[in-house]
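All remarks here apply to the structure that follows.
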Amino acid sequence: MTYILPPLNALRAFEAAARHLSFKLAAHELHVTPAAVGQQVKALEARLGVRLFERLHKQLVLTAAGQAYLPEISDGFRRIADATAQLKPVGAVLLQLGVHGSFDLRRLELEAFRASHAEIGLRVLQPAGLHELIEGKVDVLIARGLGNHPGYRCDRVTEGSGLGDWLIAPAGTADCPEISSFRDWLRALPVENSLALHRRRVVGIVRS
């Protein structure tokens with residue numbers, strides 16, 4: 001069977017831009033220029049014969065076609081990543097965790113996490129904040145403050161109300177296997193670690 005596929009680089013550019021709703025952030029993730037991402041997306045739209053984005057003033061919005069296309073393309077890339085991980089399971093997926101400066105890493109029991117999740121290579125950056133998450137330097141962040149950041153999934157780490165520690169991940173990647181595994185790890189930690197995650201907050205989509 002011969003698969004009729006658009007250029008894979010163009011699909012990667014679309015998928016990253018659609019997750020971030022930003023050519024700039026997609027370019028940072030893919031290590032190319034924003035212009036290159038825009039050109040790849042434009043070429044993909046021409047190939048498909050449909051518009052995937054509405055390019056507004058300082059804002060990128062998915063069209064109905066783009067909204068329908070994104071989950072299927074993301075799922076396809078995830079399946080490829082999962083299949084690759086099965087060929088090389090030890091540390092095949094890198095999870096970059098950012099942590100704010102005053103957080104005690106001993107609470108996370110990271111060595112035990114590494115031992116029980118050999119397929120995930122865990123790298124920790126401390127101190128780190130929203131800037132590092134937005135710039136793509138970390139994949140998920142434990143931040144101090146209020147968990148209300150449009151375009152990001154925010155789960156409470158410490159119990160209580162008001163200021164606290166939050167696990168923050170981009171909405172487009174918040175449910176990828178490695179981040180889900182780390183979130184589940186936090187939920188399973190002993191209550192005395194003060195890491196019981198509260199229920200998911202509903203957030204919107206980031207605009208660029």
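A quick note: this is a predicted structure, and the numbers were derived from the prediction, not measured. Residues take their numbers from the sequence shown, with the count starting at 1.
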Q. How far does CG of Leu8 sit from CD of Gln40, to the nearest 0.5 angstrom?
A. 10.5 Å
Q) Is the closest side-chain heavy-atom distance between Phe23 and Val41 below 4.5 Å? A) yes
Q. side-chain hydrogen bond (donor to acceptor under 3.5 Å, both in side chains) with Glu29: which of Arg12, Lys24, His20?
A. His20
Q.
Using side-chain contact (heavy atoms from CB on, under 4.5 Å), reason through Leu186 and Leu108 one step at a time and then give a plain yes or no.
A. CA-CA 7 Å; Leu186 293 184; Leu108 300 178; 3.6 Å; yes
Q) Heavy-atom distance under 4.5 Å between the side chains of Gln96 and Leu125, does that happen here? A) no
Q | Geometric class of the Phe113/Phe182 ring pair [parallel <30°, tilted 30-60°, perpendicular >60°] | A | perpendicular
Q.
Going by the rule salt bridge (charged side-chain N to carboxylate O under 4.0 Å, His left out), which residues pair with Arg55 if we only count those two or more places apart in sequence or in a different chain?
A. Glu45
Q) Closest approach of Val157 and Leu167, non-hydrogen atoms and distance? A) CG2-N, 3.4 Å
(Q) If we check side-chain contact (heavy atoms from CB on, under 4.5 Å) with Gln126, which of these qualifies: Ile142, Leu97, Leu105? (A) Leu105
(Q) Taking atom CZ as the centre, does Arg114 end up with more than 12 heavy-atom neighbours from other residues, nucleotides or ligands that are less than 6.0 angstrom away? (A) yes
**Q.** Test side-chain contact (heavy atoms from CB on, under 4.5 Å) applied to Phe14 and Leu62, step by step
**A.** CA-CA 10 Å; Phe14 161 71; Leu62 282 165; 4.0 Å; yes
Q. For Glu15 and Leu70, what are the C-alpha separation, side-chain angles and deciding distance, and is it a side-chain contact (heavy atoms from CB on, under 4.5 Å)?
A. CA-CA 6 Å; Glu15 198 272 341; Leu70 174 61; 4.1 Å; yes
(Q) When you measure from the side chain of Thr173 to the backbone of Cys176, do you find a donor-acceptor pair of N or O atoms at a distance under 3.5 Å? (A) no
